[in-house]
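Have a look at the structure below before the remarks.
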Amino acid sequence: MSSLFTLIFIGSIVWFFISRRKDKKATGKISKNTWYILILTAVSFILVGVMAPKSDTMSDAEQKKSSVKTSSSKKEASSKQSSSKKKIKYNFSKVEYTMNANQVIDAVGQQPTNKSDNTLYFGNDEFDFNGDKMIGTTVKSIQNQIDKSYKEAESSSKKASSEKEKNDFQNDLNEKIVQLNQATQESANVDVIKGVEHPYDNTYHILLDGFVLNGNDRQLKNVLDSINSQIVDVFDSHKQTSPIIYYYVNSTKIAKNRTILNPSEVTLEK
């Protein structure tokens with residue numbers, strides 16, 4: 001329809017100019033019919049404008065609406081995908097560091113997202129095992145328990161090792177005293193060592209029988225050097241270097257080993 005009015009508009013314009021020329025040649029004035037043609041031209045122009053196709057404009061509006069709908073759809077799809085990719089929250093509050101892999105799964109109440117021979121994965125968190133023993137995890141609260149247990153075990157092991165070393169040293173020292181006493185029992189029918197006191201760290205008091213005083217200073221020193229060197233050997237075998245050893249007879253200090261220069265040798269008290 002708009003094409004028809006366009007043709008009428010164009011035709012009426014041409015018709016108007018032709019009629020106008022004829023009127024001027026004939027009378028020198030524009031006739032009423034020519035003015036009617038001009039009116040027809042104006043009407044056809046208006047009708048062309050009214051009836052002009054608006055498909056392109058509508059198309060733009062529709063495209064905008066379609067674009068909005070598409071964008072909205074994409075956002076909804078993206079939101080759905082995002083929500084589907086959200087981390088699954090796992091509750092590790094019932095998990096204990098003493099649990100094995102199966103017990104951990106039961107405590108969490110959900111299957112792991114992945115697992116291997118020695119590891120369980122729950123999202124970004126993991127639990128590592130050595131056999132049935134949990135040895136590590138990314139869950140901080142449980143890892144703190146594991147670390148604490150390791151420290152306690154290490155401390156307990158060190159304490160036990162220290163106690164064993166002390167006991168081993170004391171047993172070897174007692175055995176050495178027995179050996180020395182057996183030797184003097186055979187030669188003089190006495191126990192040369194009456195007792196041992198340990199008042200301070202690395203300091204010992206050896207209580208001797210008075211028979212060691214029989215003889216001169218040279219003989220006394222030889223006897224004490226022999227006893228002292230064998231006792232110091234026990235210290236050395238347990239990596240207790242530079243022991244301080246005092247020798248007493250009836251509460252009287254008679255000698256002391258040379259702690260720094262030569263611990264195996266004694267110096268007599270003057």
Side-chain angles (χ1 to χ4, degrees), residues 59-176 196-204 232-244:
S59 176
D60 289 342
E62 288 175 358
Q63 285 178 4
K64 287 181 180 179
K65 287 182 181 179
S66 176
S67 177
V68 171
K69 287 182 180 180
T70 302
S71 177
S72 177
S73 298
K74 285 182 179 180
K75 285 182 179 179
E76 289 177 5
S78 176
S79 177
K80 288 180 180 179
Q81 287 179 357
S82 177
S83 63
S84 67
K85 290 181 179 179
K86 282 183 180 177
K87 294 179 182 177
I88 300 173
K89 291 185 177 180
Y90 296 97
N91 184 1
F92 301 120
S93 61
K94 296 181 180 178
V95 178
E96 297 180 5
Y97 75 95
T98 54
M99 291 180 172
N100 59 33
N102 290 331
Q103 290 171 331
V104 169
I105 294 173
D106 291 340
V108 174
Q110 293 175 272
Q111 288 297 314
T113 51
N114 198 2
K115 63 181 178 179
S116 63
D117 292 340
N118 298 312
T119 306
L120 293 178
Y121 299 92
F122 292 91
N124 291 332
D125 291 304
E126 65 180 72
F127 295 85
D128 299 316
F129 299 87
N130 183 4
D132 286 337
K133 182 180 179 181
M134 188 188 300
I135 59 174
T137 176
T138 55
V139 181
K140 187 175 180 181
S141 60
I142 302 172
Q143 183 61 48
N144 289 341
Q145 296 177 27
I146 295 173
D147 293 340
K148 183 180 178 182
S149 70
Y150 281 152
K151 288 179 181 178
E152 289 175 349
E154 183 179 3
S155 176
S156 178
S157 176
K158 285 182 178 179
K159 186 176 180 180
S161 178
S162 177
E163 287 297 322
K164 183 178 183 303
E165 175 57 29
K166 287 181 180 179
N167 291 334
D168 289 345
F169 168 74
Q170 193 61 52
N171 290 337
D172 288 349
L173 183 60
N174 292 338
E175 185 179 348
K176 180 55 66 177
V196 177
E197 296 177 353
H198 182 33
Y200 316 108
D201 288 344
N202 212 36
T203 300
Y204 292 80
V232 169
D233 285 344
V234 175
F235 281 88
D236 289 342
S237 66
H238 289 271
K239 298 180 180 179
Q240 297 188 32
T241 58
S242 302
I244 302 171

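The first residue of the sequence shown is numbered 1, and numbering continues consecutively from there.
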Next on the checklist: Taking the basic N atoms (NZ, or NE/NH1/NH2) and the acidic carboxylate oxygens, is any pair closer than 4.0 Å for K176 and D172?
Outcome noted: no
Checklist outcome for this item: Of all heavy-atom pairs linking A101 and L120, the shortest is O-CD1, 3.5 Å
Checklist entry - Crowded around D201 CG? As in, over 12 foreign heavy atoms under 6.0 Å? => result no
Next on the checklist: Under the side-chain hydrogen bond (donor to acceptor under 3.5 Å, both in side chains) definition, can you give me all pairs with a residue in residues 93-111, not counting sequence neighbours?
Outcome noted: N91-S93
Checklist outcome for this item: In this structure, CG of L173 is separated from NZ of K166 (nearest 0.5 Å) by 14.5 Å
Next on the checklist: Suppose the criterion is side-chain hydrogen bond (donor to acceptor under 3.5 Å, both in side chains): which pairs have a residue in residues 138-148, not counting sequence neighbours?
Outcome noted: D125-T138, Q143-D147
Checklist entry - Roughly how far apart are T241 OG1 and F235 CZ, rounded to 0.5 Å? => result 11.0 Å
Checklist entry - Between M99 and F129, what is the shortest heavy-atom contact and its length? => result O-CE2, 3.6 Å
Item to check | Test salt bridge (Lys or Arg N to Asp or Glu O under 4.0 Å) applied to E154 - qualifying residues, sequence neighbours left out | outcome: K158
Item to check | D236 atom CG, neighbour heavy-atom count above 12 within 6.0 Å | outcome: yes
Item to check | Minimum-distance pair of heavy atoms, taken over all atoms of V95 and A107 | outcome: CG2-CB, 3.9 Å
Item to check | side chain to side chain contact (heavy atoms under 4.5 Å, CB included) evaluation trace for M134 with I142 | outcome: CA-CA 10 Å; M134 188 188 300; I142 302 172; 3.9 Å; yes
Checklist outcome for this item: The residue among N118, T137, T119 that forms side chain to side chain donor-acceptor pair (under 3.5 Å) with D128 is T119
Checklist outcome for this item: Tightest non-hydrogen contact, residues N202 and Q240, listed as OD1-OE1, 4.3 Å
Checklist entry - Would you call F122 and V104 a side-chain contact if the rule is heavy atoms closer than 4.5 Å? => result yes
Checklist entry - Do N174 and Q170 have side-chain N/O donor and acceptor atoms under 3.5 Å apart? => result yes
Checklist entry - Which atoms form the tightest heavy-atom contact between G123 and T113, and what is the distance? => result N-OG1, 3.1 Å
Item to check | K164 side, atom NZ; S157 side, atom OG - distance, nearest 0.5 Å | outcome: 11.5 Å
